[in-house]
Amino acid sequence: MPPVVRIAPSPTGDPHVGTAYIALFNYAFARRHGGRFILRIEDTDQERSSRSSEDAIFEALRWLGLEWDEGPDKGGPNGPYRQSERLDIYREHIDRLLATGAAYRCFCTRERLDELRRAQVAAKVEHPGYDRHCRGLDPAVGAARAAAGETHVVRLAVPTEGDIVVHDRLRGEVRFGVAQVDEQVLMKSDGFPTYHLANVVDDRLMGVTHVIRGEEWLSSTPKHVLLYQAFGWEPPEFYHLGLLRNADRSKLSKRKNPVSVFYYRTLGYLPETFLNFLATLGFSMQDGRERFSLDELVANFDLSRVSVGGPVFDPVKLAAWNGEDMRAMPVDELVARIQRDVLSTTRLTRMVELSRERISRLDDFIPFASFFFGASIDLRPVLGEFALKGRTRAEVIDVLALFLEDIEKDRAARSFTKESIETFSRGFCERTGWKTKEIFGLLRLAVTGRVAAPPLFDTLAACGKDRVRLRLRETIDTLRALPE
RNA sequence: GGCCCCAUAGUCUAGCGGUUAGGACGCGGGGUUCUCAUCCCCGAAACCCGGGUUCGAGCCCCGGUGGGGUCACCA
């Protein structure tokens with residue numbers, strides 16, 4: 001029977017390199033064995049999910065050439081592929097669990113749970129978690145209270161003794177004592193399922209045979225195993241891959257590395273090289289060759305040759321390979337790629353509009369517009385400009401760091417249009433009490449490396465979110481590294 | 001901190017009881033070149049520690065150490 005695999009990202013923020021990494025292995029496995037690769041959107045967090053970041057996931061995966069067989073945008077026999085559109089299905093399954101006692105209603109208030117957690121943390125209990133307060137509740141009473149409209153959640157009833165064994169095909173038997181498995185919420189008070197429930201139900205209903213995902217999920221897999229048991233289902237095969245790491249070996253994070261797939265596209269990495277690089281982080285070819293195409297990967301893919309240690313994502317090696325591949329390309333094709341990705345008419349038009357008033361010869365355009373391109377810029381000529389009257393260097397560093405952090409959280413600013421950046425930036429100045437002149441000046445310096453440039457917000461938008469973010473981060477690092 | 005996972009050069013990896021421990025990025029040196037880059041050649045650089053098992057352990061077992069993940073009405 002051909003395998004069925006899936007990638008199940010949640011549409012929050014930018015499309016993550018880690019998602020691409022996991023998608024790649026799922027894709028390769030499905031293609032290698034003539035199976036199906038499903039894209040399912042896990043948007044059960046109403047707070048954080050957005051349609052724009054869902055679109056970004058599609059775009060990122062397609063840029064890499066990891067096309068799926070079934071998904072929200074193209075349908076398929078197992079739809080809908082958006083969890084927010086499958087609420088009835090989860091409701092039905094929750095009822096089944098409720099009926100058999102595998103789950104129970106919980107009416108505890110947020111306050112009680114907060115208090116409970118606080119007490120547990122203070123007492124340093126071994127296994128903090130829900131105290132099963134509502135577990136003893138008569139199901140009939142629970143049902144009546146729910147019917148009367150009382151807010152509640154539904155929790156998983158975990159056995160009180162024994163071990164839960166997870167069979168991981170990459171790691172062997174992994175055993176969890178029942179005491180470490182929390183009585184997780186399966187259905188939230190807003191009627192949405194949590195990841196655990198939705199994930200198990202969907203994988204089953206969609207016929208998923210192999211769950212290939214990140215190691216971060218390993219410790220919640222016993223809950224999933226319990227759910228499969230409760231439904232009387234055979235669990236799929238589990239493969240937990242090591243997580244991509246920063247240079248300091250912590251989990252890859254945007255504080256320390258560009259993690260948006262779009263960053264790599266913006267800066268002109270070749271998608272095929274990027275994919276090749278990701279593949280070698282967790283997989284090695286039988287014959288030892290490490291430069292290969294997606295098709296070659298598919299032809300040789302073997303899950304048993306996937307490594308489980310969390311690899312450090314080394315941008316230097318990626319860049320070296322990218323250069324190699326650019327040199328190996330026929331020059332016509334290189335030119336075509338540059339015209340398409342770097343100097344498209346759309347982008348060129350925008351940059352020319354922003355530059356024309358400031359240049360007097362056609363040929364001036366290229367040197368003038370240099371800050372629209374590339375990654376780092378040379379800050380040395382303007383380093384002195386970062387010294388603001390009445391502000392210490394530490395204050396300048398902190399305010400830039402705060403700006404970077406806050407703009408990330410701002411929902412509207414995520415679109416990174418001229419307007420949204422301006423609105424955010426003005427609000428930022430009001431909140432922090434910094435003058436717009438100060439903040440706008442710092443941003444201009446950090447991103448363009450100049451004291452004079454086209455209108456700031458147009459410029460930031462034209463440079464793009466990922467480039468701006470990178471330059472702000474590098475400015476902060478540069479200022480920090482400066483001698484007293 | 002509890003639980004779980006992981007452990008070959010700085011980094012990514014090969015190895016699957018007997019190898020001069022292989023490759024790649026990076027680094028050093030040399031050659032080609034007006035410069036730089038490319039390209040080619042050469043080199044330095046690793047089996048975390050301690051116990052076992054075995055005629056023999058990077059490979060198997062146990063312990064330690066180190067790193068990571070996870071402990072939400074987020075995924």
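First the proteins, then the strands, lettered A, B, ... as listed; each starts at 1. Side chains included, hydrogens not; waters and symmetry mates left out as well; all remaining heavy atoms used.
- Whole-Å rounding puts the Y21(A) OH to rC12(B) P distance at 11 Å.
- Counting only heavy atoms from C-beta on, V174(A) has its side chain closest to rC4(B) among rA75(B), rC4(B), rG15(B).
- D325(A) places its CG atom 12 Å from the P atom of rC25(B), with the value rounded to the nearest Å.
- R117(A) comes within 4.0 angstrom of the backbone, heavy atoms only, and of no base.
- Heavy atoms of E42(A) sit under 4.0 angstrom from primed sugar atoms or phosphate atoms, though from no base atom.
- Between E405(A) and R255(A) there is no salt bridge, since none of the side-chain N atoms of the basic residue sits less than 4.0 Å from a carboxylate O of the acidic one.
- Across the protein-nucleic acid pair, F292(A) atom CZ and rG23(B) atom P stand 18 Å apart, rounded to whole Å.
- For E290(A) and rU11(B), the CD to C1' distance is 12 Å, given to the nearest whole Å.
- When Watson-Crick and G-U wobble pairs are counted only if both distances are under 3.5 Å, rC55(B) pairs with rG18(B).
- Within 4.0 Å (heavy atoms only), V153(A) reaches at least one base atom of the nucleic acid.
- Between R414(A) and D14(A) there is no salt bridge, since no side-chain N of the basic residue sits under 4.0 Å from a carboxylate O of the acidic one.
- Separating the CG atom of L218(A) from the P atom of rC71(B) is a distance of 12 Å, rounded to the nearest angstrom.
- Nucleotide rG43(B): paired with rC27(B) (Watson-Crick or G-U wobble, both distances less than 3.5 Å).
- Within the 4.0 angstrom heavy-atom criterion, no nucleotide atom of any strand lies near S49(A).
- The aromatic rings of H196(A) and H224(A) sit tilted, their planes meeting at an angle between 30° and 60°.
- Per the geometry, CZ belonging to F176(A) stands 12 Å off P belonging to rC3(B), to the nearest Å.
- Distance CG (D302(A)) to P (rC16(B)): 15 Å, rounded to an integer number of Å.
- Note on R327(A): only backbone sugar-phosphate atoms sit closer than 4.0 angstrom, heavy atoms only; bases stay farther off.
- Taking atom P on both rA46(B) and rG10(B), the two are 7 Å apart, rounded to the nearest angstrom.
- Using atom P as the reference point in both rG28(B) and rU38(B), the two lie 12 Å apart (nearest Å).
- A salt bridge links D45(A) to R48(A): at least one charged side-chain nitrogen sits closer than 4.0 Å to a carboxylate oxygen.
- Here the separation of rG58(B) from rA7(B), taken at their C1' atoms, is 11 Å to the nearest Å.
- Residue Q180(A) places no side-chain atom within donor-acceptor reach of the base of rG2(B), judged by atom type and a 3.5 Å distance cut-off alone.
- Atom name C1', nucleotides rA75(B) and rA14(B): the rounded distance is 35 Å, in whole Å.
- At the heavy-atom level, T44(A) lies under 4.0 Å from the strands shown only through sugar-phosphate atoms.
- Using a 4.0 Å heavy-atom cutoff across all strands shown, W217(A) reaches at least one base atom of the nucleic acid.
- Side-chain atoms of T194(A) and base atoms of rC73(B) include no donor and acceptor less than 3.5 Å apart.
- Across all strands, R291(A) comes closer than 4.0 Å to no nucleic acid atom at all (heavy-atom distances).
- Relative ring orientation between F428(A) and F403(A) is described as perpendicular, the plane-to-plane angle rising above 60° on a 0-90° scale split at 30° and 60°.
- The P atoms of rG26(B) and rC47(B) are separated by 24 Å, rounded to the nearest whole Å.
- Residue-to-nucleotide proximity on RNA chain B shows that, of P9(A) and S284(A), the 5′-proximal contact is made by S284(A).
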